[in-house]
Structure formats: structure tokens, C-alpha cells
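Structure first, commentary second.
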Amino acid sequence: MFEKVLIANRGEIALRLHRACREMGIRTVAIHSTADADAMHVRLADEAVCIGPPPAIDSYLNIPSILAAAEITGSEGIHPGYGFLSENAEFAHIVEEHGYTFIGPSEQHIRTMGDKIQAKQTVKGLGIPVVPGSDGEVTDPEEAKALAADMGYPVLIKAASGGGGRGMKLVRRADEFATALEACRTESKAAFNDDAVYLEKYLEQPRHIEVQVIGDGTGKVVHLGERDCSLQRRNQKVLEEAPSPALNDAVRKAIGQTVVDALSKIKYTSLGTVEFLYENGEFYFIEMNTRLQVEHPVTEAITGIDLVREQIRIAAGAPLSFSQEDIRFSGHAIECRINAEHPKTFVPSPGQVGDFHAPGGLGVRVDSGLYAGYRIPPYYDSLIAKLVVHGTTRNDCLMRLNRALGEFVVDGIEVNIPLHTDLIQEQDFIDGDYHIHWLEQFLEQQD
Amino acid sequence: MFEKVLIANRGEIALRLHRACREMGIRTVAIHSTADADAMHVRLADEAVCIGPPPAIDSYLNIPSILAAAEITGSEGIHPGYGFLSENAEFAHIVEEHGYTFIGPSEQHIRTMGDKIQAKQTVKGLGIPVVPGSDGEVTDPEEAKALAADMGYPVLIKAASGGGGRGMKLVRRADEFATALEACRTESKAAFNDDAVYLEKYLEQPRHIEVQVIGDGTGKVVHLGERDCSLQRRNQKVLEEAPSPALNDAVRKAIGQTVVDALSKIKYTSLGTVEFLYENGEFYFIEMNTRLQVEHPVTEAITGIDLVREQIRIAAGAPLSFSQEDIRFSGHAIECRINAEHPKTFVPSPGQVGDFHAPGGLGVRVDSGLYAGYRIPPYYDSLIAKLVVHGTTRNDCLMRLNRALGEFVVDGIEVNIPLHTDLIQEQDFIDGDYHIHWLEQFLEQQD
Amino acid sequence: MAKTKVDKDLIRELAALMEETGLSEIEIERDDDRMRLVRATAPIAPVIAVPTAAPTAAGAVAAPAPAGDGSGDLSAHPGAVPSPLVGTAYHSASPDAAPFVKVGDQISAGQTLLVIEAMKTFNEIPAPKSGVVTQILFDNATPVEYGDILMIVE
Amino acid sequence: MAKTKVDKDLIRELAALMEETGLSEIEIERDDDRMRLVRATAPIAPVIAVPTAAPTAAGAVAAPAPAGDGSGDLSAHPGAVPSPLVGTAYHSASPDAAPFVKVGDQISAGQTLLVIEAMKTFNEIPAPKSGVVTQILFDNATPVEYGDILMIVE
């Protein structure tokens with residue numbers, strides 16, 4: 001096991017990593033910008049090194065500085081957390097080349113999954129379902145009809161050279177192809193000087209469902225169920241839950257097995273998440289995140305597994321400590337991302353925290369680097385706390401979440417706690433009946 | 001289910017009860033003395049009623065005032081918590097007589113178990129093991145030897161009229177009886193003018209192990225495993241853990257079944273705890289607590305069951321929501337009682353709390369009514385917070401507990417956090433090798 | 001103190017001295033001269049951190065009714081009659097009976113002012129002293145908490 | 001009030017006494033003289049609630065070595081040369097070479113003052129301005145953090 005790990009991140013996730021290390025008897029090195037000298041994880045770490053000025057490019061993204069910090073502290077492993085350098089294959093490469101252990105997947109897997117096109121081809125080849133489409137250009141309405149019949153309506157005709165939402169046409173019935181295909185080709189020619197178009201299945205109100213996996217590099221891969229992260233605003237997840245209200249056990253097992261089979265073939269190492277859109281009982285691959293995710297605690301809550309601990313163990317060369325048969329899903333968990341932002345306008349609200357009081361009691365977990373009097377720097381993202389609530393059933397979980405949100409005090413700055421309180425009172429949300437556009441539609445109705 | 005419950009208690013347990021009610025959609029009524037007007041549970045409750053001045057006898061023990069508060073608020077159920085009126089059979093009687101539901105066991109069970117002699121006779125009759133002794137006076141050394149051979153050495157000769165540790169003699173071998181019995185009778189005659197003595201098995205270094213049960217009054221009783229509460233100072237529990245490091249599964253199952261069988265016979269209702277001394281593989285009944293206990297969260301942690309919720313459900317007439325087969329013990333949990341007292345001298349330290357920051361993260365639960373700036377009144381007990389940590393194994397739990405204690409900040413007053421930090425570094429404790437005298441011996445060595 | 005005599009250099013020196021020593025006030029008196037310097041004890045926010053997000057429904061139920069808002073201010077009133085128990089307060093012994101006292105009544109110590117019912121028992125609340133009832137602060141048949149100010153007797 | 005008559009040493013002594021004893025006010029009257037000193041009711045906890053129970057090993061590792069303790073105070077010094085990166089600082093280009101600069105050296109802007117090694121690369125740190133090296137605040141071959149004050153050039 002590692003003697004000392006450098007935590008190449010900040011905020012709540014740096015604290016999360018510190019806690020896991022501390023609980024494993026591993027000494028921690030916090031790196032930080034000048035803006036984060038007072039941060040909780042810096043105060044708690046065994047050692048701390050200031051590596052640069054506030055801009056992330058000069059500190060948390062500054063590879064030479066991070067390696068220098070590892071060098072002067074004699075760290076053995078480097079944990080990148082999420083964001084920043086966590087999915088930077090070059091960083092993983094340099095870390096390993098300098099003789100440190102990168103606590104994450106192999107450089108090669110990061111690289112492959114980091115390229116959208118290559119990722120899609122790779123996972124498709126491994127047997128993971130992707131959004132169906134024509135393999136190339138389509139010119140003939142009859143060919144289009146045949147393809148669309150296979151993938152199911154509605155179907156999107158997309159300009160091969162298009163982008164930014166232009167050069168697209170939605171087709172809901174076969175008889176629309178006759179005119180739609182030609183129209184799209186004409187528009188495309190006019191707009192992009194290229195009349196090539198192709199087909200892709202169109203998802204109207206999909207959910208965002210992601211499968212958590214972990215592998216130890218021997219080909220042994222285990223899935224830890226899914227998370228439903230459909231509540232998003234501008235592609236940012238706001239609230240996540242596990243299990244998804246939309247899946248039953250059979251579906252869960254099937255998609256889990258598909259993902260496990262695929263990633264076993266490439267001997268995937270460390271934590272990873274395969275993200276899908278889900279509609280009408282079908283999964284469609286979006287991307288794979290080759291790192292620990294913000295919302296990992298909901299999976300920890302329902303499985304009882306400490307994901308970060310397991311990730312560190314594997315990086316240190318240990319085999320997975322459990323098999324698929326050992327995984328039991330228990331109860332329901334929801335995570336609310338507490339952001340320093342106005343709950344209506346979403347304007348970020350950095351500044352000095354007045355009173356800070358986290359909710360407690362049974363089934364409530366708070367991951368936060370905040371404390372009374374802490375000054376939230378304006379340079380980084382607005383996530384300041386994660387409230388994770390676990391209950392026996394989804395309803396128990398919602399009741400407990402409501403209770404916990406009501407106890408949460410963060411003064412001095414604006415936080416989005418009222419948004420979460422409102423959200424969980426919505427009938428659609430209570431019914432589990434929502435999709436990736438639901439939150440933005442809800443917010444529009446609020447105005 | 002109840003619409004409104006009156007919480008006839010204060011401090012962390014009042015908050016615990018409030019949270020359970022809130023999560024069940026039950027409105028809460030906090031009662032409080034003038035000294036507790038600013039208490040967290042009073043602030044959070046749906047309604048609050050000041051029922052008297054600071055002395056408990058005039059407020060939290062004042063039955064007419066509590067019933068008047070129930071009356072003016074239209075409460076349906078009254079939860080007594082622990083301490084105060086929780087084991088007062090008369091209170092349970094009056095509550096029920098006035099048409100409210102007492103959220104606890106029947107008046108009769110409280111009464112029976114509240115009388116030490118009656119309790120011992122009752123449980124013995126129900127098949128629960130008690131400390132063996134002679135049924136009455138013993139005068140003949142040969143008779144004493146025969147009895148002692150049955151119960152096992154060492155044996156205590158006790159004066160029937162004795163008390164305060166006087167008129168007792170420890171006998172470790174059969175051949176000591178010849179002189180010891182006569183000596184004890186003589187002393188007893190001199191001290192109490194009564195030479196009657198009796199025998200009782202003497203436990204040298206027993207553990208305090210208690211079995212948590214719950215019944216719904218139909219004869220269905222389920223046990224939720226044991227808690228080891230051997231770390232005590234002046235008969236006050238300091239730290240509790242579950243499961244006990246001293247029991248294996250077979251022993252756990254056997255004592256659990258014994259307790260369940262016994263309490264099924266009397267159709268026990270609500271939560272209850274059967275306390276034992278445990279030495280050399282044998283259990284000896286001490287007493288039964290007919291109420292929710294301070295240390296209930298360790299059981300919640302390893303069973304995943306919300307005990308207070310279940311207790312309220314049963315009081316409202318619902319049947320137990322689980323059977324013995326449904327109970328799964330998962331991992332290990334430890335509770336540290338955080339007291340407002342000097343960690344060495346144990347002098348109580350009421351007063352104004354400065355900074356308050358509770359530890360967070362995976363596997364950490366804090367039950368506390370404290371907040372920054374809260375003034376701890378000097379009138380009540382010194383328990384201000386319970387830190388409950390859960391881990392996959394006892395070792396994981398200890399590592400996590402150490403981490404969490406290091407993050408816990410309570411300024412402005414003295415707290416016993418350093419005591420807990422010291423305790424869990426002790427090799428005996430790490431080995432699980434301790435008994436009911438261990439803590440006091442440890443404390444003596446510290447001086 | 002003649003204007004010309006104000007020693008501004010001395011003030012500056014003393015101010016520097018206060019800064020240096022951490023003093024917040026200096027007062028010097030000599031003969032007929034007196035000088036007092038105060039340095040703001042900084043914008044130190046109060047330590048008392050109240051959980052402001054806490055729902056504040058608490059205490060709503062049993063607030064004394066009509067003049068209830070003023071009861072907080074009246075608790076220090078020398079003629080205040082606080083409730084010695086929690087229960088339901090009545091102006092009179094029975095619905096048909098006349099009230100025990102009215103505003104303006106001259107009363108003597110020990111005389112019954114009202115009754116408070118708790119657990120089906122009517123508790124007579126006696127006047128703590130003689131005087132005139134100047135305010136009655138609760139509505140008939142309404143709940144009162146321990147310590148609520150019920151009347152003012154002056 | 002005559003300037004010469006104010007005993008500033010007495011004020012300093014009394015202030016120190018107040019600090020020592022925790023007193024918040026001293027008033028002395030003698031003949032016609034009177035002096036009153038007040039110290040802000042002091043140990044008011046600052047609003048900034050630091051998790052004081054937190055282990056404070058943080059920052060221990062890369063503290064600049066010899067005059068390190070003073071670096072905090074020197075950061076505002078107009079001649080301070082802060083470290084532009086984290087790494088290991090050296091006085092000279094190689095173990096056998098002479099140091100780039102010594103205390104007392106007259107230097108010109110842009111002249112190399114030291115090197116910092118990070119990732120096997122030696123980064124030359126140039127003088128930000130011309131002047132005299134008055135302090136060198138790190139030991140040879142010791143780690144420095146970003147922002148540590150390395151030298152003073154005046």
C-alpha cells in the first residue's frame with residue numbers, strides 16, 4: 001500500500017480523497033493555489049504545498065508544478081480526483097513515467113475514451129449499444145425508410161458537414177422521407193456546400209443513466225448499478241439518484257452485464273462510468289468517464305462500498321476485494337449538489353461564509369470543505385457541498401432529504417438549497433417521471 | 001399514523017425524535033424549560049411550548065405540565081425519549097388514561113422491569129439466564145460448597161442485610177468456605193445484627209453486553225443483535241460498539257433467540273434492551289431497559305433499521321415491518337458519547353459554544369443539538385453529541401473513527417473528544433480486549 | 001479646553017501607542033484637562049451563530065392572544081403576572097360566570113385573577129400583590145405557556 | 001495638557017500588564033492626574049471559525065529553511081523575490097560551482113539569482129530588479145513552495 005499520496009485536486013473531492021487515505025493509514029499531501037491556502041483539505045492534510053497562483057492553468061492544471069510537489073514531498077501515488085487533470089492521458093503518462101502511480105485507469109483507456117468518435121467505435125465493438133444511425137451518406141428515400149424502420153422513429157437527418165443545430169430535420173413517419181431527405185440535402189448544400197446527409201435515431205425525452213464499474217486490470221470487472229442523473233441544467237448535473245426510478249432489476253442486471261462483459265475484454269482498471277441515454281427501454285451510449293465522479297456517494301450509499309478506498313487499493317496493485325455476486329443494492333440514495341449560486345438566477349456567489357451548519361442524523365452524509373468563516377474563492381467551480389441521503393425506500397429517502405435540506409444552514413452567500421427543496425416537492429420528481437430536459441422546462445415555468 | 005407527536009424530552013434525543021417524526025410526515029411539538037428556549041429541537045419543531053423553569057422536576061419531569069402541553073397542542077402521541085419520564089410507569093399510565101398514546105412499552109412491562117427483584121424473577125421465569133446464587137440463607141459450609149460447585153468459582157458470600165460493599169467475602173476455592181462462611185456470618189451479625197448470608201456467583205472482569213429487541217405486542221419479537229457497552233466510568237457508558245468483539249455468530253444467535261423467546265411470551269411491545277454481564281461465555285441478566293437507548297444508533301448502523309421510526313409505527317398500531325430472517329448485520333459501528341466535560345477531570349463544562357464543526361463524509365453520523373454560539377445550560381446532563389461511525393470491519397471503523405474525531409471541532413467549552421482519541425489508540429481497545437472495569441483502570445493509569 | 005491647546009501630535013502619538021499596545025481606549029485627566037481616545041474594537045461579528053434557516057414555526061401555537069405581541073416587552077414590567085404553568089387560561093370560573101377581574105379593578109393580593117386548566121384541573125391563579133389591573137393579556141379559553149405574561153397589576 | 005507630561009512608557013508598561021493579566025480596563029488617579037486604559041474585551045473569537053482541531057502539520061514540508069519563519073512578514077517587502085514555482089532551490093548551478101549570489105552582492109536586473117529544479121529541469125530565477133542582495137532566505141537544495149520569499153534585493 002502507498003505510504004503517501006498526493007491529492008491533485010481541491011474542494012470537496014480533495015477532502016473526500018484525504019479522508020479515504022487517512023482511513024487507510026496513508027499520509028496525504030495537499031497541493032493548493034494561493035487562493036486555497038485556508039481550504040479544509042489543506043488544513044487537514046499531513047503536508048501541504050502551495051503550487052501556484054489562483055488560475056487553475058497555473059496551479060491545478062500545472063503538470064510540472066504538481067510533479068515537483070510530488071518530488072519534494074516524496075509522494076508515491078497521485079490521485080487526480082475529478083475535473084482538472086483527471087482525464088488527461090498525457091498527465092497519467094507523465095506521472096507514471098516519473099515513477100509515481102497514477103490512481104486511475106491506464107493512460108491508454110483514458111485516451112481512447114477521451115476521443116468521442118474512437119470511444120463510440122470502441123464500445124460498439126465491445127458490445128455496448130450506441131445511438132443507431134446510417135453508416136454513411138444516405139441519398140435514397142427508400143434506403144432511408146429501410147434504415148429508419150430498423151432504428152425506429154423518430155429519426156434525425158443530419159448534414160455530414162453540419163453543426164450548431166443547423167442542417168437537421170426530424171422525421172417522424174416513413175412518408176415524410178420523400179420530401180424531407182431532399183430538402184435537407186438542398187439546405188445542406190446551401191449552408192455547407194456539401195449535400196451529404198446521414199441518419200441518426202432521435203431521442204425525445206431520454207433519461208441520463210450511467211453505470212458505475214470498477215476493474216482491477218486482470219479482466220475482472222464489477223458493476224455497482226446505475227445512477228440516474230437526468231436532472232441537469234446546461235449539461236450540469238444538479239441532483240442524482242440511485243437506483244434509477246426508471247429501471248427494474250432485470251434491466252439493471254442486463255445493462256450491468258453488458259457493460260461488465262465489454263470492459264472485461266479490455267481489462268479495464270480502476271473506477272469508470274459508462275453514460276447512457278435511456279428511452280423506451282433502450283440504452284444508447286454517450287460517453288465513458290474514466291475517473292471518480294462527483295456523484296459516486298449515491299453508489300456508496302446503496303452498495304456500502306467505499307469506492308475511493310477500493311480505487312486506491314487497486315492502484316496499489318491489490319485485486320478487487322469483491323465479486324459481482326457480493327454486490328447487494330440496499331435502499332435508495334439521492335445526492336443534491338449544493339452550489340454557491342443564486343437558486344433562481346444561478347449567478348455564482350463566492351465570498352465569505354457566515355454560519356455553516358450541516359444536517360446530521362441517520363442516513364445523512366455531507367461532503368463539504370466549508371466551515372463558518374471560510375472564504376469561497378471566485379476562481380473555481382461553485383460546488384461547495386454534497387448532501388447525500390439514504391433511505392430504505394425512495395419515499396423514505398425523499399422524506400429524509402426534505403428534512404435534511406431544512407436543517408442545512410449556509411449563510412453569507414447564496415446557495416441553491418431552495419432549488420433542491422422546490423425540486424423534491426414536484427409531483428413529476430416524486431413520481432420519478434423526469435428526463436434530461438425536465439429541469440430546464442421546470443425552471444422556465446418558474447419564471 | 002399520528003398527525004402530531006409531542007416530544008417529552010430535550011437535547012440530542014429530542015432532535016432525534018423530531019427527525020424521525022418529520023421524516024414520517026408527523027408534526028412535532030417540542031416542550032421545553034425556559035433554559036432550553038434556544039435549543040435546536042425547539043427551533044426545528046413545528047410547535048414549541050414552554051412548560052416550566054429550568055429544574056427538570058418543574059419541567060421535563062412535570063407530568064401535569066406535559067399533559068397540558070399535549071392538550072393545548074392537540075398532540076396524539078407522546079414520546080418520552082430516554083431518561084426523565086421514559087421508564088415511569090405512572091407517566092405511561094396517565095398518558096394513556098388521558099387518551100394519548102404513550103410511544104413505548106406497556107405500563108405493565110415498564111413497571112415489572114423497573115423493579116429490580118421482580119425483573120430478575122420475571123426474566124428468570126421466562127428463561128433468561130441470571131446471576132446464579134443460593135435461593136436463601138446458607139449456614140453450612142458443605143451446602144455452600146455444593147452450591148458453589150454448581151455456579152462455579154469465585155463466589156461471593158453476601159450478608160442478607162448488608163449493603164454498601166460491607167459484609168461481603170470472596171471465595172475462590174472450596175476449602176475456603178470452612179472459615180469464610182463463619183467469618184462472614186460473625187461480621188454480619190456484628191454489623192447488621194443479622195447473621196443470615198447467601199451466596200452469589202462473582203464476576204471478575206465481565207463485559208456489559210446488551211441485546212436490542214423490538215416487539216409489536218402480538219407476540220412477535222425480533223432481536224437486532226447486541227451492543228458492547230463495557231467502556232464505562234462510574235456506571236456511565238462512554239463508548240459503545242456493535243457487534244461485540246467478544247461474541248461470535250453462534251453465541252449472538254443463541255442469546256438473541258433466548259431473549260426473543262422470553263419476550264415473545266409476554267408479548268413485549270416497542271423497543272427494549274436486555275442488559276447482561278458476560279464472562280467466560282456465559283450471560284447474566286442485569287436489567288431490562290424498557291425504552292429507546294442513547295446508544296441505539298450503533299444498532300441502526302449495522303442493521304440499516306430506523307429504530308425510532310419503527311417504534312413510532314408500532315405505537316400507532318402497525319405490526320413489525322420485518323421478521324428475524326430479514327435482519328442482516330453489516331459491518332461494525334462505534335458510538336462515542338461527546339460530553340461537555342473536561343477530558344481528564346470530568347468536570348462538567350456548560351457554557352457558550354464557540355465554533356462548532358461536525359465531521360462528515362462516508363460512514364459518519366453525528367446526532368447533536370449543538371450549533372455555533374449555542375449556550376449549553378448547566379441544569380441537565382453533559383451529553384452534547386453522539387459521533388457514530390460505521391465501517392466494513394472493526395478495523396475500518398476504528399480508522400474512520402480516528403479520522404472523524406480529528407475533524408470534530410467544539411470550541412469554547414471543554415469536551416471529552418481527547419479522551420475518545422486516546423481510548424481508541426489503546427492496544428487493549430484495538431484488540432477488543434476490555435471489560436467493565438477497564439476504563440476506570442485506564443483512567444487511573446493516566447494520572 | 002482652548003482650541004489652541006489641543007495637542008494633535010500627542011493624539012497621533014497616543015493613537016500609535018494604542019495600535020502598538022492593542023489598547024482600545026485611553027483616558028487621561030490632569031488638572032482641568034481631560035483627553036479620551038477610543039479605537040474602534042473592529043468590526044468583529046458576534047460569535048452567536050444562530051441556525052437561521054431553521055423553520056421558525058416554533059412557539060407559534062401557544063402565544064398569548066390579543067396583546068400577545070407585547071408580552072415579551074412586558075415580562076420585565078414590575079406588575080407583570082406570569083403564568084406559573086402551561087394550560088388553558090380562562091377569565092371566569094365558568095362560561096356563564098362573570099370574569100374574576102376586569103381592567104381597572106382594584107384588587108388585593110391573593111385574590112383569584114384567572115384559572116388555568118391543565119389535566120382537567122382548574123388552577124386558580126392568585127394576585128401576587130394588591131393594586132389595579134391595568135392590562136389583561138390573554139383571550140378567554142386560550143392556551144398559555146409557562147412564563148407568558150397574563151396580566152399587569154399596578 | 002502639556003505634551004511632556006504624558007508618560008508613554010507608563011502606558012506601555014500598563015498595556016503589557018493588562019495583556020499579562022487579562023485585564024480589560026485600568027484607571028489610575030493620583031492627585032490631580034488620572035489615566036484610564038481600556039483594552040478591547042479581547043479574546044473575542046474571530047468570526048473566521050478555523051477548524052482548530054485540524055492537524056496543523058499542513059505546510060510543514062516545504063517551508064523555506066533558515067529564515068523561513070520571517071518569510072511571512074517579508075512577503076510585503078518591496079525587495080522580496082518570491083518563488084515563481086514549486087521545486088527544489090539551489091544556490092549554485094552545480095554542487096561544485098560558486099553560488100550565483102551572496103549577501104552583499106550588487107546585482108543587476110535579469111541576473112540569475114538561483115535555480116529551482118522541478119521535474120528534472122533547472123529553472124533559472126532572474127533578479128526582478130537591480131540592487132544589493134540583503135537576505136537569502138533558503139538553504140541550498142531545499143524544497144520551496146510557490147510564493148515563498150527566496151531573497152531580498154534592495
Just so I understand: if I count every heavy-atom pair under 4.5 Å between each of B:Cys50, B:Ala68, B:Ser33 and chain C, which residue has the most?
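Sorted descending by pairs with chain C, the first entry is B:Cys50.
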With a 4.5 Å cut-off on heavy-atom pairs, point out which of B:Ala70, B:Gly412, B:Ala69, B:Gly52 contacts chain C the most.
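Most heavy-atom pairs under 4.5 Å with chain C: B:Gly52.
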Proximity of residues 76-96 of chain B to chain C, residues having a non-hydrogen atom under 4.5 angstrom
B:Ile94
To the nearest 0.5 Å, tell me how far C:Glu145 CD sits from B:Thr73 OG1.
10.5 Å
Take a 6.0 Å sphere around CD of B:Glu3 and say whether it holds more than 12 heavy atoms from other residues, nucleotides or ligands.
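Incorrect, the count does not exceed 12.
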Contacting moiety of B:Thr34, where chain C heavy atoms sit under 4.5 Å
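For B:Thr34, side-chain heavy atoms alone lie under 4.5 Å from chain C.
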Which pairs pass salt bridge (charged side-chain N to carboxylate O under 4.0 Å, His left out) with one or both residues in residues 52-65 of chain B, sequence neighbours excluded?
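Every candidate salt bridge (charged side-chain N to carboxylate O under 4.0 Å, His left out) pair involving residues 52-65 of chain B fails, so no pair, neighbours aside, qualifies.
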Can you name the closest pair of heavy atoms from B:Ile72 and C:Val144 and give their distance?
CD1-O, 4.1 Å
